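Below, each value reflects all heavy atoms present in this structure, side chains not excepted, and no hydrogens, waters or symmetry copies. Since the structure is predicted, the reported quantities are computational estimates derived from the model, not experimental observations.
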Amino acid sequence: CELERAGAIANDLLSRTGRWSLAITTKADAEMYLDALFKRYGLVCREIVQAEKAPGVRWAELARLLQLWEWRGRVHRGDFVRDLSGPQFALREAVDQLRDGPPNPRPLLLAWHDPANPWGRLLPLAAPRGKGRFVVLLGGQVLLTAGGFGRDLSPGTAWSEEHITAAAESLKGLALHSPSGQAAVETWRGGSILVSPLAAALRSAGFVRSGLRLVYRHPSITRLDRAV
């Protein structure tokens with residue numbers, strides 16, 4: 001399918017490392033590289049090119065090619081994403097999606113280093129402390145961050161109590177990533193989770209109190225442990 005082909009191109013062009021790395025030396029190479037970037041992001045700017053760290057790639061050279069693409073109507077130029085520098089170039093469909101916003105957005109739990117998470121890599125945001133770092137996004141904005149596989153939670157810029165129930169449900173996914181097979185939440189904004197605005201929603205989502213923590217163990221993990 002088209003998505004698989006795009007992924008193959010992106011993985012080939014954007015992840016070349018070691019002694020077999022192939023620098024981009026021709027216009028055809030540059031065009032193929034930009035196509036891969038647009039398939040991955042929908043938008044290209046200096047920060048995205050720098051974050052990919054592809055060998056032999058210079059933003060100034062790509063910017064000239066993108067300017068040519070703009071003149072031909074292949075991409076649009078503008079200031080589409082706050083906190084990213086200009087010029088920014090985007091596909092028409094990406095511009096439409098940015099303008100309309102995501103339909104019925106739901107919280108999305110991502111590992112901090114997941115390529116799908118632009119925060120901390122492309123957009124400014126301090127990383128959570130410790131190992132097991134995660135972020136919960138809502139419509140691309142940061143709802144909350146988690147450190148220690150959910151032990152320490154902090155609200156993001158998009159935090160609102162109207163999203164508490166959905167946020168609590170998304171945090172159950174931490175159990176699938178934790179070495180212990182459970183999500184154990186202890187603090188919220190540095191204080192006890194037990195007296196936080198999230199406490200009731202976490203209990204409703206299936207978290208149970210264990211000492212000073214609220215703990216969730218995924219049912220499938222529990223069944224596997226019992227089988228063993």
Side-chain angles (χ1 to χ4, degrees), residues 40-43 45-48 50-53 80-85 88 97-98 101-218 221:
R40 175 173 286 186
Y41 296 102
L43 178 147
C45 64
R46 181 189 301 273
E47 287 85 352
I48 287 176
Q50 291 175 341
E52 292 294 344
K53 299 179 181 178
F80 305 111
V81 178
R82 188 175 59 242
D83 295 324
L84 290 180
S85 65
Q88 300 171 19
Q97 290 177 7
L98 288 169
N104 303 317
R106 301 182 62 182
L108 175 65
L109 175 71
L110 292 174
W112 183 256
H113 293 294
D114 191 311
N117 174 33
W119 296 93
R121 186 169 65 96
L122 300 176
L123 300 171
L125 181 70
R129 294 181 179 180
K131 298 180 180 179
R133 296 178 290 182
F134 291 82
V135 61
V136 177
L137 303 181
L138 181 67
Q141 299 299 310
V142 181
L143 193 58
L144 57 85
T145 58
F149 294 98
R151 182 189 63 241
D152 306 308
L153 302 180
S154 299
T157 55
W159 174 255
S160 171
E161 293 196 2
E162 68 178 294
H163 304 307
I164 282 181
T165 299
E169 285 290 333
S170 71
L171 290 172
K172 292 161 63 174
L174 291 167
L176 296 174
H177 298 279
S178 171
S180 65
Q182 65 181 20
V185 183
E186 188 171 332
T187 68
W188 169 255
R189 284 182 167 172
S192 173
I193 190 65
L194 301 178
V195 294
S196 72
L198 268 170
L202 287 172
R203 288 191 174 96
S204 296
F207 286 73
V208 296
R209 181 171 179 175
S210 176
L212 298 177
R213 304 178 299 171
L214 291 176
V215 178
Y216 176 81
R217 190 171 182 83
H218 197 276
I221 297 176

### Task
For side-chain contact (heavy atoms from CB on, under 4.5 Å), just list the numbers for Val135 and Leu108, CA-CA rounded to whole Å, side-chain angles, deciding distance to a tenth of an Å, and then say yes or no.
CA-CA 8 Å; Val135 61; Leu108 175 65; over 6 Å; no
### Minimum heavy-atom distance between Arg82 and Leu123, given as atom pair plus value
O-CD2, 3.8 Å
#### Entry: Side chains of Ile48 and Leu122 in contact at under 4.5 Å (non-hydrogen atoms)
yes
### Task
Can you tell me which residue pairs pass the side chain to side chain donor-acceptor pair (under 3.5 Å) test with a partner in residues 138-149, sequence neighbours excluded?
none
### Query
Got a sec, which pairs hit ring pair (Phe, Tyr, Trp, His ring centres under 6.0 Å) with one end in residues 179-202, sequence neighbours left out?
Trp159-Trp188
### Query
So, Ser170 side chain and Ala167 main chain: donor-acceptor pair closer than 3.5 Å or not?
yes
### Query
Is there a donor-acceptor pair under 3.5 Å between the side chain of Gln182 and the backbone N or O of Tyr216?
no
### Message
Ignoring hydrogens, what is the shortest heavy-atom contact between Arg133 and Pro128? Give both atom names and the distance.
### Response
CD-O, 2.7 Å
### Summary
Residues at least two apart in sequence or cross-chain that pass side-chain contact (heavy atoms from CB on, under 4.5 Å) with Arg203, listed by chain then number, are Leu194, Ala199, Arg209, Leu214
### Summary
In short, Val185 meets Ile193 closest at the heavy-atom pair O-CG2, 3.3 Å
### Message
Suppose we screen for side-chain contact (heavy atoms from CB on, under 4.5 Å). Which residues come up paired with Ser210, at least two apart in sequence or across chains?
### Response
Arg213, Val215
#### Entry: ring pair (Phe, Tyr, Trp, His ring centres under 6.0 Å) pairs, two or more places apart, involving residues 111-156
Phe134-His177
### Summary
Residue set satisfying side-chain contact (heavy atoms from CB on, under 4.5 Å) with Ala166, at least two apart, ordered chain then number -> Pro107
### Over all atoms of both residues, closest heavy-atom pair of Leu143 and Ser160
CD1-N, 4.4 Å
### Query
What residues form a side-chain contact (heavy atoms from CB on, under 4.5 Å) with Ser204, not counting sequence neighbours?
none
### Query
side-chain hydrogen bond (donor to acceptor under 3.5 Å, both in side chains) with Thr187: which residues, sequence neighbours excluded?
Asp152
### Those residues that, when tested against Glu169, pass salt bridge (charged side-chain N to carboxylate O under 4.0 Å, His left out) (two or more places apart)
Lys172
### Task
Measure the spacing between CD of Gln88 and CD of Glu47 and express it to the nearest 0.5 Å.
7.5 Å
### Task
Sequence neighbours left out, what passes side-chain hydrogen bond (donor to acceptor under 3.5 Å, both in side chains) with Thr157? Give chain and number order.
none
### Task
Provide the closest heavy-atom pair for Ala201 versus Ile164 in the form atom of the first, atom of the second, distance.
CB-CG2, 3.1 Å
### Task
Would you indicate whether the side-chain heavy atoms of Leu212 and Ser192 approach each other to under 4.5 Å?
no
### Task
I would like to know whether Leu43 and Leu84 meet side-chain contact (heavy atoms from CB on, under 4.5 Å); could you show each step before the answer?
CA-CA 11 Å; Leu43 178 147; Leu84 290 180; 4.2 Å; yes
#### Entry: Minimum-distance pair of heavy atoms, taken over all atoms of Gly150 and Leu174
CA-CD1, 3.6 Å
### Residue pairs involving residues 115-125 (criterion salt bridge (charged side-chain N to carboxylate O under 4.0 Å, His left out); sequence neighbours excluded)
none
### Task
Return the set of residues passing side-chain hydrogen bond (donor to acceptor under 3.5 Å, both in side chains) with Glu186 (not counting sequence neighbours), or none when no residue passes.
none
